[in-house]
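Below, chains carry the letters A, B, ... as their sequence lines are ordered, and counting in each starts from 1.
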Protein chains: 2
Amino acid sequence: MNHHVQPVIGTASSRIYETLRRDLVGGQFVAGEKLAINALKERYHVGLSPLREALNKLAAYGLLVQENQRGFRVPKLSRSELDDIANMRLELEGMAFERAIQHGDDVWEAELLAAAHRLKRADTTLDKGEEWESLHSQFHRTLVAPCGSVWLLRFIEQLHDQFDRYRRLGPKMPTVRQTLDEQHHELVALALKRDSKAARALMDDHIQKSYQLALKRYQEHA
Amino acid sequence: MNHHVQPVIGTASSRIYETLRRDLVGGQFVAGEKLAINALKERYHVGLSPLREALNKLAAYGLLVQENQRGFRVPKLSRSELDDIANMRLELEGMAFERAIQHGDDVWEAELLAAAHRLKRADTTLDKGEEWESLHSQFHRTLVAPCGSVWLLRFIEQLHDQFDRYRRLGPKMPTVRQTLDEQHHELVALALKRDSKAARALMDDHIQKSYQLALKRYQEHA
DNA sequence: TTATATAAAATAATCGATTTTTTAACCAAC
DNA sequence: GTTGGTTAAAAAATCGATTATTTTATATAA
């Protein structure tokens, strides 16, 4: 029997930040909702100071809105913002993918194949939980990783989190994702062929289709 | 005599955030420096809690780097990051300016002229202090304001703050800014003519020249 | 009713002190 | 002289309680 408590990595602040980020992106809060700080304290078993620091970071990141003297709320969702986010993804991820294909080396190629493989394994198990989401994010990160711009990567990451607030509305629908999942492998194939023209076209299509799905989710959402 | 203290707007946290942002962008801290929180507390006459909340926000915004358990430091400067920031400005501000020219209405035209005029007045007084910086930021914000994308505007704002960390290194050199200042009016002229092709070209040139200046500052910086 | 004022409750923001972790200083062993 | 280990000091993170502000409830007058 092991009586050693494993040392719990990071600060309370950084842990609650990551947890809240995950839950905000994953739709655990309703859009527009005012966050009751005391309730969060209990729900996540965390002190007030680290919690407030995390909320402040999330507000600066864009996953919360902060109003002076009246705390934090979950940002509203809107059609126009979804359009904005999707358009920016088209521009920025397209740009980044082209550049990644220019600069990516053989290590990147290996990582791409690995990331795609791990994602496919998760696709077929069909449960599509937080595990799948994580692999999916990682896959898209890998696609653009060697684009050469840390700021571009940063913005893309932020847009993904925002986009996923829409995509992950409502229940899982595995059948609709079929095409999207297939495109992941085609993206890898075109990247390996260094066909940046076709690669970008497919990336555009991929984002468009994701957008259609997110839009449907948003409209059905009530 | 007026004994009423005027009510000091905003929370302590939001005020120290703005102050620190200004000072970080304005070069009041040396790049790479570790921030001594207690020293900041005294320097800015602010309590620990609001100060830490502001530092957390600034870290999420990219004007500080946070290392678990070892506080905050001012990000290092590097040639490659300056190049990255300038390139991203070229892409994003160019895009935004073109869109602004498509969508901007007559109210925008008036605001453009006003912003350019205020900036010119500040140009000629030649003292180029924090006042000029503020008007300069406002002018560039106005140029792209009606681009239709809040995320694009957000990213551009962030890049400007990052860029200015380089541009504002070292002492003021009014003569070098001559060309830049003249371009401001030409940008307005082309915007009013709705000549988005020429406007973008000039914007590109403007950013390039700013980049040359910032690069020189960075290289001379020691 | 509708509006406005006031009091009570709830919540946000901040403070001061404590706990935890890192950094620095020191010393011994190799 | 360097390495490794121990202790002291400094700094970061967190806690518990206080203060300030907003919100809700209640009362009163137009």
Taking distance alone, no hydrogens or angles, what donor-acceptor pairs closer than 3.5 Å link side-chain atoms of residues 143-152 of chain B to residues at least two apart or in another chain?
unit_1  : atom_1 : unit_2  : atom_2 : d
S149(B) : OG     : D84(A)  : OD1    : 2.5
S149(B) : OG     : D84(A)  : OD2    : 3.3
S149(B) : OG     : W151(B) : N      : 3.4
S149(B) : OG     : L152(B) : N      : 2.9
W151(B) : NE1    : E81(A)  : OE2    : 3.2

Greater than 12 external heavy atoms within 6.0 Å of [X]'s [atom1]:
{"X": "E109(A)", "atom1": "CD", "result": "yes"}
{"X": "E42(B)", "atom1": "CD", "result": "no"}
{"X": "E130(B)", "atom1": "CD", "result": "yes"}

Given protein heavy atoms under 4.0 Å, the one-letter contact record of nucleotides 8-15 of chain D, with B base, S sugar-phosphate only and - none, is simply ----SSBB
Could you please spell out the steps behind the side-chain hydrogen bond (donor to acceptor under 3.5 Å, both in side chains) verdict for E93(A) and H206(A)?
CA-CA 11 Å; E93(A) 278 188 77; H206(A) 186 67; over 6 Å; no
